[in-house]
Asker: 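Here you go, one structure.
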2 protein chains.
Amino acid sequence: MNISQIAKLAGVSPATVSRYLNDGYVSKEKKAIIKKVIDETGYSPLASAQNLRQRKSSVIGVIVPKISSESISRVVDGISVELKGSGYHLFLGNTNNNVAEELDYLNLFQSNYVDGVILIATELTPKHMKFMKHYPKPLVVVGQYTELVPCVYHNDKGGARAAVSHMLKQGCHRIAFLGVMEEDVSAGFERHNGYREALKACHIKENPALIYQVDFSITDGYRATQELINSGQPFDGLFCATDNIAIGAMNCLRFNNLDIPGNVRIASVGDSIVSKAIQPSLTSVHLYYKTSGEEAAVIMMDILDKHQSVNKQLRLGYELCERESTY
Amino acid sequence: MNISQIAKLAGVSPATVSRYLNDGYVSKEKKAIIKKVIDETGYSPLASAQNLRQRKSSVIGVIVPKISSESISRVVDGISVELKGSGYHLFLGNTNNNVAEELDYLNLFQSNYVDGVILIATELTPKHMKFMKHYPKPLVVVGQYTELVPCVYHNDKGGARAAVSHMLKQGCHRIAFLGVMEEDVSAGFERHNGYREALKACHIKENPALIYQVDFSITDGYRATQELINSGQPFDGLFCATDNIAIGAMNCLRFNNLDIPGNVRIASVGDSIVSKAIQPSLTSVHLYYKTSGEEAAVIMMDILDKHQSVNKQLRLGYELCERESTY
DNA sequence: CTGAAAGCGCTTACAG
DNA sequence: CTGAAAGCGCTTACAG
């Protein structure tokens, strides 16, 4: 069933059916008969033909490092809700934390399938920069700051600072930090920065012996905590870059018979489901992941539909969720 | 940059470039020169033109009730990994637990964008059946059993039975059940069935006063548990259809100063991150979500690439992960 | 092994 | 307000 057949059934030209489907510059009578035919046949125009002709697909490519991550899937949820409201669809590029695959998708989307790309970014390498500088389609970055294209990012530094300040206020004097790779500017560098700023505000110097770099896993949080304990360095607080790291740390503290928050206070970033569910509940910074997805989609829609291609950098706030682990 | 320009630069016809890109029925010399031109220009053929001509997109539509769910996002992860290996891409239809939107996507994909559809199903209504009966493209269902199209589903009954049998073996006599709507055959009906079968094997009759229906949320798990406690019905075990429900239940038990597992043993289904992280850790049934996604994609690839359209029903196993909450 | 030609199903100036 | 015609960028019989 194609547009010509519909046209024949309705006794009009394909052009008229097309107009009916699009701008609607059609007389009442013809409108009525075309509607009838379309309803009866269940005809819907073939997207690939429309795309070819109009050079537009109403599809947005979304590149994610790992879809089965709580924060990422929340961002995607936000994007999808907003896109749907605007009649757009979502093409998912899941890269399994593989930078090469991320670049592959950026490359693929450059000329295919989608009208614009939302990149949920972890690390922005020089290769990413190159793409961003001359990307032929609208590109919006989520989760990292960049001036090259519009972005929506989180106040990682502020959130971390708030969490650590809160721990200091609760009486911590020696707060260790379990961070992630600094190449991830948001989750690595900025959260470390916030930690440092909070210490500085209390005239405490960062002690390198209390700083550990871990990957994003529960097990590595456990490992690092055990190393910290083994090192003999005294500590009464533990700030973790992510909830998962904190979960591993808590398991390790427990295993070593260290009470939370009695012996060690602990806080982290993410406000995940687990952080509220574990015992003791975990003080954590909420970062509005879903909202960031929605905002990114809004910016994309603005660029696409209103040709408003202002290069805006949107920083979202944070909320410190104080729970039992720091009381 | 299109195929004609490439052809001109290479001094051949567009047909030859096309052949180079596809079957490759081209002489060594021309192959070399075409390769050179393509490498230099970075040309890649426009997907929408190919799709229109070949009536094929190499894209699979994946319909999900909620992408920001741990189990669902794991399934999608599995699908995406497998598809990528076969050169397919993923178009995501997120429906926010809205059956109408689910049907909308089934309808949209019928004639557009994708070569096949993987439906991560919750409830299969008569309208779903209608779609499945005459779907014009390959359709694979994940997470629910159906004979109408190929499906990959979980042994929900077996898993539930194993969990409840284990609780009985641990000494429970009065196990309450917090289930979800029975229209969700897998998570609702079958898990309830498994609970019933385990009781029956021990010659225990199901006591309606110990059966509650809740939604999938933590808060509703809490609510139902409080109702159960308020009812005065004695119980020494609590089997929950999902980990989230169990989390809510555990919080409520704790609030009522009931020890886990001392006063009440508790188990559920999902083996989520939380189930391992909470204190006490939660006995839960692992259901191989990621694998189910991979298997569904494999079936889809078989149908599409090998025209093996056997209507197979694949049931995956389960593993009972016994943890502190039942000891 | 190669090229000219037709056609996939649309949309959009253009002329009326 | 409407239709005939051209064309988006590919691929694929067909003829050579």
Side-chain angles (χ1 to χ4, degrees), chain A residues 1-38 41-59 87 89 108-115 136-137 304-305, chain B residues 1-38 41-59 87 89 108-115 136-137:
Chain A
M1 194 57 51
N2 62 31
I3 199 169
S4 301
Q5 296 174 48
I6 299 298
K8 200 160 289 173
L9 286 173
V12 299
S13 75
T16 302
V17 178
S18 175
R19 263 184 232 105
Y20 170 84
L21 258 16
N22 299 291
D23 27 28
Y25 212 56
V26 182
S27 65
K28 293 260 178 223
E29 308 86 56
K30 308 233 161 181
K31 258 184 193 157
I33 175 132
I34 294 172
K35 182 181 182 341
K36 186 160 162 270
V37 173
I38 289 181
T41 57
Y43 165 76
S44 89
L46 193 69
S48 56
Q50 294 181 306
N51 298 352
L52 173 59
R53 184 54 226 249
Q54 308 186 112
R55 337 240 60 202
K56 155 161 186 38
S57 64
S58 294
V59 176
H89 293 116
L108 174 72
F109 289 151
Q110 234 169 356
S111 52
N112 276 314
Y113 296 115
V114 304
D115 294 341
K137 291 178 182 173
L304 250 24
D305 294 342
Chain B
M1 193 58 50
N2 63 31
I3 200 169
S4 301
Q5 296 174 50
I6 298 298
K8 200 161 290 175
L9 286 173
V12 299
S13 73
T16 302
V17 178
S18 175
R19 263 182 232 108
Y20 170 85
L21 258 16
N22 298 293
D23 27 28
Y25 211 57
V26 183
S27 66
K28 293 261 176 221
E29 308 85 58
K30 308 234 161 180
K31 257 185 192 157
I33 175 134
I34 294 172
K35 181 181 183 341
K36 187 160 162 270
V37 173
I38 289 181
T41 56
Y43 165 76
S44 89
L46 193 70
S48 55
Q50 293 181 306
N51 298 351
L52 173 58
R53 184 54 227 248
Q54 307 185 114
R55 337 240 61 199
K56 152 160 188 42
S57 64
S58 295
V59 175
H89 293 116
L108 173 72
F109 289 151
Q110 234 170 355
S111 52
N112 277 312
Y113 296 115
V114 303
D115 295 341
K137 290 178 182 173

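Source: prediction; values computed, not measured.
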Asker: What's the CE-P distance between M1(B) and dC8(D), to the nearest Å?
Answerer: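 Taking CE of M1(B) and P of dC8(D), I get 15 Å after rounding.
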Asker: With sugar-phosphate meaning primed atoms plus P, OP1 and OP2, does N51(A) contact a base, only sugar-phosphate, or nothing at under 4.0 Å between heavy atoms?
Answerer: nothing
Asker: Quickly work out the R19(B) CZ to dA13(D) P distance and round it to whole Å.
Answerer: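 To the nearest whole Å, that distance equals 11 Å.
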Asker: Using only atom types and a distance under 3.5 Å, with no angle test, would you say the side chain of S57(A) pairs donor to acceptor with the backbone of Y113(A)?
Answerer: yes
Asker: Is any side-chain N or O of S13(B) closer than 4.0 Å to OP1 or OP2 of dT2(C)?
Answerer: no
Asker: Measure distances between side-chain N and O atoms of R53(A) and base N and O atoms of dG9(D), and say whether any donor-acceptor pair falls under 3.5 Å.
Answerer: no
Asker: Within the 4.0 Å heavy-atom criterion, would you say L46(A) contacts the bases, only the backbone, or no part of the nucleic acid?
Answerer: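 Touches sugar-phosphate only.
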Asker: Looking at Q54(A), I'd like to know whether one of its side-chain N or O atoms comes within less than 4.0 Å of OP1 or OP2 on dT12(C).
Answerer: yes
Asker: If you check the N22(B) side chain, which of dT11(D), dT2(D), dA13(D) turns out closest?
Answerer: dT11(D)
Asker: Hey, is NZ on K56(A) packed in by over 12 heavy atoms from elsewhere, all under 6.0 Å?
Answerer: yes
Asker: At less than 4.0 Å, is any side-chain N or O atom of Q50(B) found next to OP1 or OP2 of dG9(D)? Yes or no.
Answerer: no
Asker: In whole Å, I'd like the distance from the CD1 atom of I33(A) to the P atom of dC1(D).
Answerer: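 Going from I33(A) (CD1) to dC1(D) (P), I get 18 Å.
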Asker: At what distance, to the nearest 0.5 angstrom, does NZ of K30(A) lie from OG of S13(A)?
Answerer: 8.0 Å
Asker: Let's test your reading of the model: under 3.5 Å, does the base of dG9(D) pair with the side chain of R55(A) as donor and acceptor?
Answerer: no
Asker: Give a yes/no on whether any side-chain N or O of Y43(B) is located under 4.0 angstrom from OP1 or OP2 of dC10(D).
Answerer: yes
Asker: Return the OG to CD1 distance between S27(B) and I34(B), rounded to the nearest 0.5 Å.
Answerer: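 It is 8.0 Å, given to the nearest 0.5 Å.
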Asker: Over how many whole Å does the gap from Q5(B) atom CD to dC10(D) atom P extend?
Answerer: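 Rounded to the whole Å, the gap is 9 Å.
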Asker: Does S18(B) use its side chain to pair, donor to acceptor, with the backbone of P14(B) at less than 3.5 Å?
Answerer: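 The answer is no, because no donor-acceptor pair under 3.5 Å joins these two groups.
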Asker: So which nucleotide does dA13(C) pair with, by the Watson-Crick or G-U wobble rule with both distances under 3.5 Å?
Answerer: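 When the pairing criteria are applied, nothing turns out to pair with dA13(C), so the answer is none.
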Asker: Find which nucleotide of DNA chain C each of I3(A) and G11(B) is nearest to by heavy atoms, and output the residue with the more 5' nucleotide.
Answerer: G11(B)
Asker: Which comes earlier along DNA chain D counting from the 5' end, the contact point of T16(A) or that of L21(B), where each point is its nearest nucleotide?
Answerer: T16(A)
Asker: Between dG7(D) atom P and N2(B) atom CG, what is the distance in whole Å?
Answerer: 14 Å
Asker: Closest to the V26(B) side chain: dC10(C), dT11(C), dT2(C)?
Answerer: dT2(C)
Asker: Specify the separation, in whole Å, of atom OH of Y20(B) and atom P of dC10(D).
Answerer: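 Rounding to the nearest Å, OH of Y20(B) and P of dC10(D) are 15 Å apart.
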Asker: Which listed nucleotide (dC10(D), dT2(C), dT2(D)) is nearest to the side chain of S27(A)?
Answerer: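 Given the options dC10(D), dT2(C), dT2(D), the side chain of S27(A) is closest to dT2(D).
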